[in-house]
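Below is one structure, written out as structure tokens; comments come after it.
The chain is numbered in sequence order, starting from 1.
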Amino acid sequence: QVQLVESGGGLVQAGGSLRLSCAASGGLFSINTIGWYRQGSGNQRDLVASVTILGGTNYDDSVKGRFTISRDYAKNRVYLQMNSLKPEDTGGYYCNEVPAASNYWGQGTQVTVSS
């Protein structure tokens with residue numbers, strides 16, 4: 001059973017950067033495609049970036065060119081480098097399989113971008 005724990009969020013000014021980390025106990029090899037999801041003011045969690053087991057990446061248009069997702073098998077971690085942050089990037093960030101598995105949701109990490 002894989003458990004995913006997110007960290008790295010915080011408060012940052014617009015234009016700043018953050019690096020989120022997702023630690024996977026149980027290893028990443030059991031997950032084909034893993035992604036980062038963002039939850040804004042509502043309950044919906046939207047996929048913003050994903051990476052396949054072979055390293056292929058995909059991004060939502062809202063973050064393309066600003067965010068970079070990567071996975072480190074040696075450390076069992078998935079990262080999200082976020083640059084040029086905007087206030088609309090504010091929200092809870094969660095890592096999960098793509099499509100999301102209900103039993104993989106963790107506590108998430110909060111990102112707040114001030115204008």
Which atom pair, heavy atoms only, marks the closest approach of [X] to [Y]?
X: Leu80; Y: Ala49; result: CD1-CB, 4.0 Å
X: Thr109; Y: Ser7; result: OG1-C, 3.8 Å
X: Ala23; Y: Arg77; result: CB-NH1, 3.8 Å
X: Ile69; Y: Val78; result: CG1-CG1, 4.0 Å
X: Gly35; Y: Leu47; result: CA-CD1, 4.0 Å
X: Thr90; Y: Val113; result: OG1-N, 2.9 Å

Go through the side-chain N and O atoms of Asn58 and Ser50 and say whether any donor and acceptor fall under 3.5 Å apart.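 Side chains of Asn58 and Ser50: no pair found under 3.5 Å.
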Assess whether atom CD of Gln3 is packed by more than 12 heavy atoms of other residues, nucleotides or ligands within 6.0 Å.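 12 or below, so no.
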Single-linkage hydrophobic cluster Val51~Tyr94, side-chain heavy atoms < 4.5 angstrom: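 No, it is not one cluster - the side chains of Val51 and Tyr94 are not joined through contacts under 4.5 Å.
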Same apolar cluster: Val98 and Val5, side chain cutoff 4.5 Å: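 No.
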Is the shortest side-chain heavy-atom distance between [X] and [Y] below 4.5 Å?
X: Asp60; Y: Asp46; value: no
X: Leu4; Y: Cys22; value: yes
X: Val63; Y: Met82; value: no
X: Asn76; Y: Arg71; value: no
X: Leu18; Y: Leu85; value: yes
X: Leu20; Y: Tyr79; value: no
X: Ile53; Y: Thr33; value: no
X: Glu88; Y: Ser62; value: no

Does the Glu6 side chain pair with the main chain of Cys95, one donor and one acceptor, at a distance under 3.5 Å?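 A pair under 3.5 Å: yes.
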For the atom pair CZ (Arg19) and CD (Gln81), what is the distance rounded to the nearest 0.5 Å?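 Here the interatomic distance stands at 7.0 Å.
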As an exercise, state the distance from CD of Glu97 to OG of Ser102, rounded to the nearest 0.5 Å.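 It comes to 10.5 Å.
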Please collect all ring-ring contact (aromatic ring centres under 6.0 Å, His included) contacts where either partner lies in residues 33-71, sequence neighbours excluded, each pair once.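 Found Tyr37-Trp105.
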Taking only residues two or more places apart in sequence or in another chain, which ones pass salt bridge (charged side-chain N to carboxylate O under 4.0 Å, His left out) with Lys75?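 In terms of salt bridge (charged side-chain N to carboxylate O under 4.0 Å, His left out), with neighbours along the sequence ignored, Lys75 is linked to no residue.
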Residues two or more places apart in sequence or in another chain: which of them pass ring-ring contact (aromatic ring centres under 6.0 Å, His included) with Tyr104?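 Tyr104 satisfies ring-ring contact (aromatic ring centres under 6.0 Å, His included) with no residue once adjacent residues are dropped.
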Does the side-chain hydrogen bond (donor to acceptor under 3.5 Å, both in side chains) test come out yes or no for Ser84 and Arg66, once each step is laid out? CA-CA 6 Å; Ser84 302; Arg66 300 187 298 120; over 6 Å; no
Sidechain N-carboxylate O distance under 4.0 Å for Lys64, Asp61: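 Between Asp61 and Lys64 there is a salt bridge, with a charged N closer than 4.0 Å to a carboxylate O.
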